[in-house]
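Below, chains carry the letters A, B, ... as their sequence lines are ordered, and counting in each starts from 1. The structure displayed is predicted, hence computed values, not measured ones.
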Amino acid sequence: MSACRYDCIVVGGGHNGLTCAAYLARAGRSVLVLEAQEAVGGAARTREFAPGFRVSACAHLLHLMPGWLSRELDLPRHGLRMAAERMPTFALSAAAGVLRIDPRTHGAPAGLSGVDARAYPRYAARMNRLAAALSALLEAVPPRLGTGAWRDRLTLLRLGARLRFIGRRDLREALRIGGMCVQDLLDEHFESPLLKGALAFDAVLGTNYGPRSPGTVFTLLYRMAAGTASAHAVAQPAGGLGALCEALAAAARSAGATIRTGVPVASIVLRDDRAAGVRLETGEEFEAGCIISNADPATTFLDLLGAEHLDTGFVRRVAHLRTRGMTAKLHLALERPPRFAGLEDASPGRIVLAPSPESIECAFNHAKYGEFSTLPALEVLVPSAADPTLAPHGKHVLSAVVQYAPYRLAAGWTEHRHQFLDAILALLEAHAPGLRDSVCAAELLTPQDIETQFRIRGGHWHHAELALDQFFMVRPVPGAAQYRAPVHGLYLCGAGCHPGGGVMGVAGRNAAREVLREAA
Amino acid sequence: MSEAAPVPKRSNGRDRPEAIVVGAGHNGLVAACYLARAGLRVLVLERNAYVGGAAVSRRLFRGFTYSNCSYVCSLLRTEIIRALDLPSYGLQIIPYEGGCTLMRDGGHLALYDNHDALRREIGRHSRRDAEAYDRFMRDMLRHCRFIKPLLLRAPPDPTTLRPRDLRELLYLGRHFSGLGEERMYDTLRFWTMSCADLLDEYFESEIVKAHLAGSSIIGTALGPRSPGTAYVLLHHYMGSIDGTVGAWGFARGGMGAITQALASALRANGGEIRTEASVDRILTRNGRATGVVLSGGEELHAKIVVSNLDVRRTFLESMDAADLPQEFLAQVRRFKIRGSSGKLNIALDGLPRFPAIPPGAPCIRGDMHVTDTIDMLERAYDDWKEGRWSRRPYIDMLIPTQIDPTMAPPGKHYMSVFVQYCPYHLAEGPWTEERRARFGQTVIDSIAQHSPGFRDLILHAEIRTPWEIEKEVGLTEGNIFQGELTFDQLLFNRPIPGYAQYRSPIRGLYMCGSSTHPGGGVMGAPGANSAAAILRDLRR
């Protein structure tokens with residue numbers, strides 16, 4: 001047993017777990033990563049869902065990972081290559097045609113005219129300025145409040161100073177819109193329903209909220225903030241998101257980490273009230289100086305550790321964490337390239353089907369009561385357009401994020417899954433005539449599927465809802481917001497921690513820093 | 001002064017008012033009282049023939065007195081009641097004895113002020129919730145304690161380096177860190193949560209959650225699942241009656257008793273009130289307020305003008321756009337005032353029966369809600385979003401005449417029925433008599449489901465949509481808070497970032513309505529804070 005002793009064990013080989021392992025290994029720790037699936041990557045894996053057709057399982061775009069992280073871990077050397085970068089967004093609607101929104105440019109989207117075209121540059125410039133100010137917040141380790149520790153105070157002061165120096169007008173605007181609903185913000189600036197729909201969609205993507213829910217301006221800014229540090233803007237790695245995780249794994253291995261796949265962890269073992277190892281489902285045990293869990297907080301604390309080792313107040317907070325997913329994922333294997341009305345060809349871009357904020361809100365209405373949206377809002381990608389290796393020659397894969405699909409469907413997912421699939425296909429067909437006939441295989445992942453396949457309790461791909469009341473100092477829960485669990489030697493590094501989900505890797509890197517700080 | 005003015009008494013300069021308050025709502029009166037007490041000559045101008053704004057008692061049907069807009073009292077700050085000695089001018093507030101929620105399936109949840117009875121009653125629905133209720137109330141009380149000292153202070157502007165703002169920010173920081181680490185996190189979360197999420201953390205029984213959630217949507221264009229509604233809930237808890245925090249009660253003689261007492265206090269301090277004096281425009285010269293013009297053309301001059309109107313009416317409708325900075329005007333236009341509530345005032349031939357409630361139970365002597373799940377409240381909100389009045393509205397009804405017999409002839413009763421949601425803009429077209437009647441019918445039908453024979457008791461019903469409230473009281477869109485209580489419109493953002501301290505870009509022009517911090521409800525705090533800002537500027 002002592003032969004199997006490591007400095008650190010990372011439970012779960014998702015992108016955050018791998019990032020964390022890479023940083024720890026580079027700092028000279030002996031690291032073991034244990035992944036339940038046959039391959040690393042978690043929800044950012046590339047999988048074959050039909051013979052010859054491969055697709056990124058949950059996340060299908062890389063737009064949040066900071067460029068410095070990729071450079072620090074030397075990911076290009078470990079095989080990371082982009083099949084497409086700076087991908088534009090095409091907002092489609094039957095009534096209003098096409099808008100092309102380019103990332104990071106402040107120029108008005110092509111296809112937009114009149115008042116909106118004049119208003120857009122100012123809006124985009126200001127939002128980008130606010131997002132840039134917010135990005136400092138995302139990279140910081142959340143401070144604890146009221147402790148008097150100089151480190152916490154310094155973090156708060158630094159963030160406060162950073163906010164102040166964005167200038168008085170921007171600060172006022174930030175404080176005003178920070179808690180607003182995105183629909184109100186967009187109504188203040190624009191008239192075009194299609195433009196508002198496309199921008200509102202980004203604000204609610206992956207959340208349990210609609211455009212009229214207060215706080216959605218914050219989720220929009222969050223997404224933009226994380227995006228400002230990305231090296232490639234909106235990008236698609238060659239080989240899918242799985243290729244990114246392979247590169248992360250390679251980086252970790254080259255620094256000396258051991259990665260084992262197909263080994264589900266059953267529990268975290270405590271000795272003298274500190275996390276001292278893990279037990280696999282096979283009964284095998286590993287000892288370590290510290291355990292870092294890439295699993296979601298609820299799974300980590302309630303399943304792997306056990307509520308009996310934590311105090312009741314903390315357990316109650318964990319149990320109240322909102323972890324239910326509202327987003328589904330659709331994968332289609334296509335015989336022919338899809339032809340979206342208004343678009344030249346199967347162009348490498350992100351297609352958003354959300355004709356207006358009202359239509360998104362309407363889709364959201366159903367989900368509140370445990371029904372799926374009959375006219376959902378979609379983010380569609382044809383990854384094979386930029387990366388032909390993902391499909392057999394001449395064929396294509398389509399990957400779509402579908403908003404909204406409640407975790408608990410009142411009518412039951414097993415019985416009504418095909419109806420939902422039907423509704424999505426009908427919507428796609430309306431925008432890309434002939435698409436339906438070219439489908440040779442389809443895979444629909446509801447939040448329940450995401451839960452079982454990727455071991456994310458609730459199937460929320462941010463592990464825990466991203467909202468103001470679950471952000472920064474209170475993410476995932478007070479008492480564990482600094483990546484450190486209330487149990488000695490146990491850390492969290494997943495999307496449930498600050499700064500949250502999306503393929504960003506910052507949570508993993510921050511967790512590694514905290515582990516190293518402790519040991520030093 | 002204009003020559004045509006039919007106010008001979010005010011013709012010599014010494015009697016000229018030093019401050020003119022536009023609008024005799026409760027906040028206008030509170031501000032006027034504080035100014036008069038400080039020795040200023042104050043003139044209050046009211047468009048209607050009666051004072052009170054939305055806190056009025058009106059005889060609209062023989063023998064009956066209606067609190068026809070606001071209907072119950074709790075938020076009115078104790079500090080104001082004491083400072084102005086309102087009880088000696090006839091104000092009496094009687095706490096009510098309970099409350100209940102009526103469920104569609106015939107069940108009910110009763111709220112008693114007797115703790116043991118309350119525990120047994122909640123335990124009837126869920127024993128866990130009976131335990132949780134105490135915890136919930138304790139936590140709410142803590143949030144109340146946190147916010148209470150902030151209500152009677154002008155919010156600091158976090159974007160300036162003025163010593164006063166820095167001092168206030170420091171105070172706020174100290175006040176916050178005084179909570180201790182755990183509570184600080186709880187407070188951070190609380191302020192940004194939805195009411196549904198908040199209640200899910202305490203309760204399992206739908207009826208308990210629905211009963212409590214009602215207060216989180218009253219007057220707002222949000223549903224119980226919208227983030228920020230936990231704060232709206234608190235907004236309804238932060239009042240008190242005779243030291244009992246969170247208690248609500250009836251003003252004896254109707255809500256008009258509050259504004260009547262304020263008017264008497266004002267007169268006793270030498271202030272003057274002119275009714276049927278509708279202000280057409282606020283006069284300015286060189287960026288300074290100089291007075292007002294009445295709709296008849298009469299000009300009244302004063303160095304200080306205090307507007308009790310909401311921010312949109314003050315700056316967009318009562319002033320020339322050319323006199324105001326463009327950016328400020330743009331912000332005023334962005335201020336969200338959304339009509340979402342309706343009201344029925346019903347004269348009843350006798351006390352209605354509610355078979356679900358045990359006979360003699362005191363819970364009908366308080367607020368009775370018709371709703372039974374959070375989902376039902378949320379669906380009612382979905383109707384509003386789509387421009388319909390809720391098909392199954394949230395109803396908050398009270399029969400004050402059980403406690404205060406002065407409001408109806410013997411044996412008869414007055415019922416106040418507050419309805420959420422009722423939109424200002426209907427999708428099917430403008431409000432008409434016929435649509436208003438159908439709205440009223442929806443509400444009466446909902447009540448009748450729980451009270452057989454209710455329809456036969458109705459002697460008279462006044463049906464008020466947001467349109468009627470706007471027309472009569474002058475509240476834009478009939479919004480009872482003079483502006484949504486959302487994050488972007490609270491504290492230093494209310495009403496306009498940079499202008500949250502009751503001052504405006506025009507020197508000598510102040511705001512004192514519910515559009516300003518800390519917002520709506522019959523609280524009086526905006527009026528008192530506004531007066532404090534004015535007196536500070538005058539160095540009095």
Part of B:Arg183 lying under 4.5 Å from any heavy atom of chain A: neither

What distance do [X] atom [atom1] and [Y] atom [atom2] have between them, rounded to the nearest 0.5 Å?
X	Y	atom1	atom2	value
A:Asp170	B:Thr159	CG	OG1	11.5 Å
B:Tyr185	A:Arg317	OH	CZ	9.5 Å
A:Cys181	B:Lys336	SG	NZ	7.5 Å
B:Lys385	A:Phe364	NZ	CZ	7.0 Å

Pick one of side chain, backbone, both or neither for [X], based on which atoms fall under 4.5 Å of a heavy atom in chain B.
X	answer
A:Glu358	neither
A:Phe471	neither
A:Arg144	both

Can you name the nearest heavy-atom pair linking [X] to [Y], along with the distance?
X	Y	answer
B:Pro158	A:Leu175	CG-CD1, 3.5 Å
B:Pro227	A:Ser213	CD-CB, 4.0 Å
B:Thr160	A:Arg164	O-NH2, 3.1 Å

Thinking salt bridges, do B:Arg334 and A:Asp184 make one under a 4.0 Å N-O criterion? no

Sub-4.5 Å heavy-atom contacts with chain A: which residues of residues 126-137 of chain B show up? B:Arg135

Just to be sure I understand the criterion: a residue of residues 489-502 of chain B counts if one of its heavy atoms is under 4.5 Å from a heavy atom of chain A. Which ones qualify? B:Phe492, B:Asn493, B:Pro497, B:Gly498

Decide yes or no on side chain to side chain contact (heavy atoms under 4.5 Å, CB included) for B:Glu181 and A:Thr147, but give the supporting numbers first. CA-CA 7 Å; B:Glu181 186 176 359; A:Thr147 59; 3.9 Å; yes

Which of B:Glu386, B:Glu378, B:Arg379 passes side chain to side chain donor-acceptor pair (under 3.5 Å) with A:Asn365? It is B:Glu386

If you define the side chain from C-beta out and look only at heavy atoms, does anything of [X] sit under 4.5 Å from [Y]?
X	Y	answer
A:Val217	B:Phe487	no
B:Asp200	A:His320	no
A:Leu185	B:Asp488	no

Tell me every residue that passes side chain to side chain donor-acceptor pair (under 3.5 Å) with B:Tyr237, counting only those two or more places apart in sequence or in another chain. none

With sequence neighbours left out, what residues match A:Arg322 under salt bridge (Lys or Arg N to Asp or Glu O under 4.0 Å)? A:Asp469, B:Asp197

Would B:Ile374 and A:Lys368 count as a side chain to side chain contact (heavy atoms under 4.5 Å, CB included) if you check the C-alpha gap in whole Å, the side-chain angles of each, and the deciding distance to 0.1 Å? CA-CA 11 Å; B:Ile374 296 253; A:Lys368 291 192 288 193; over 6 Å; no

